[in-house]
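Just so it is clear, the values below take in all heavy atoms, side chains as well, and ignore hydrogens, waters and symmetry mates.
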Amino acid sequence: MAETMSRDTQVHWRDRKHVLWFPWTFTKYYITNERLMIEQGFFKTVVDETLLYRIVDITMEQTLAGKIFGTGTLIITAKVDKTPEIHLENIAKPRKIRAMLSDLVEASRHQRNVVGKEFYSNSSSSAAQEDWDEEDEFPTDNDSE
């Protein structure tokens with residue numbers, strides 16, 4: 001399933017957005033070892049790229065017709081400014097792709113030593129966390145007195 005795109009880039013999956021369960025559109029999806037890329041357009045082509053380690057959630061939606069024909073939509077939530085919610089619409093084998101993408105996201109985070117707190121904390125909450133003792137499970141309002 002993996003193809004080599006360039007020297008260091010390996011394409012793990014590629015597909016097109018399906019219409020009536022046939023890949024007849026000008027929207028292409030690619031997952032490489034580091035990136036999720038969406039290429040759209042015929043006369044004007046736009047390529048949108050998201051680094052895998054920035055993905056925080058993957059949801060699969062599948063209608064009854066999608067179940068019959070084996071297509072579905074992946075809704076990906078990423079920690080990015082431009083497009084925090086990415087839709088891979090009407091792709092073939094969505095369950096398999098969701099599992100593969102999840103594994104690649106974890107591998108990318110592990111390779112970059114990225115941990116969850118880098119996504120969910122902001123400057124005020126991280127400063128408050130420094131004041132807690134390691135034995136404290138949950139902060140309370142009385143802790144500041």
| Non-hydrogen atoms of P94 and G70 that approach each other most closely | CD-O, 3.7 Å
| message | Under the rule for ring pair (Phe, Tyr, Trp, His ring centres under 6.0 Å), what residues qualify as partners of F42, not counting sequence neighbours? | response | F26
| task | Verify, without hydrogens or angle tests, whether R54 (side chain) and K79 (backbone) share a donor-acceptor contact under 3.5 angstrom. | result | yes
| query | Distance from E89 atom CD to D15 atom CG, nearest 0.5 Å? | reply | 12.5 Å
| Rounded distance [0.5 Å steps], CD1 in I91 versus NZ in K96 | 11.5 Å
| Euclidean distance, Y53 OH relative to R35 CZ, rounded to 0.5 Å | 9.5 Å
| Should L101 and I76 count as side-chain neighbours, where that means a heavy-atom distance under 4.5 Å? | yes
| task | Identify, with sequence neighbours excluded, every residue that meets salt bridge (charged side-chain N to carboxylate O under 4.0 Å, His left out) alongside R112. | result | E34
| task | Decide yes or no for L52 and N33: does some side-chain heavy atom of the first lie under 4.5 Å from some side-chain heavy atom of the second? | result | no
| task | Would you indicate whether the side-chain heavy atoms of L88 and T73 approach each other to under 4.5 Å? | result | no
| query | Just how far is it from atom CZ of R98 to atom CG of L74, taken to the nearest 0.5 Å? | reply | 8.0 Å
| message | Using modelled atom types and a 3.5 Å cut-off, is there a donor and acceptor pairing between side-chain atoms of Y29 and backbone atoms of L36? | response | no
| request: Using the rule that two of Ile, Leu, Val, Met, Phe, Trp, Tyr join whenever any of their side-chain heavy atoms come within less than 4.5 Å, decide whether V80 and M37 are in one cluster. | output: no
| message | Tell me the closest heavy-atom pair linking I38 and T27, and the distance in Å. | response | CG2-CG2, 4.2 Å
| Which distance, rounded to the nearest 0.5 Å, do you find between the OG of S108 and the CG of D103? | 12.5 Å
| Test salt bridge (charged side-chain N to carboxylate O under 4.0 Å, His left out) applied to E85 - qualifying residues, sequence neighbours left out | none
| message | Which heavy atom of A78 sits nearest to which heavy atom of I86, and what is that distance? | response | CB-CD1, 4.4 Å
| message | Does anything in residues 38-48 form a salt bridge (Lys or Arg N to Asp or Glu O under 4.0 Å)? List the pairs, not counting sequence neighbours. | response | none
| note | Hits for side chain to side chain contact (heavy atoms under 4.5 Å, CB included) against R95, two or more places apart or cross-chain, chain-then-number order -> M60, Q62
| task | Applying salt bridge (charged side-chain N to carboxylate O under 4.0 Å, His left out), name anything that partners E106, two or more places apart in sequence or on another chain. | result | R109
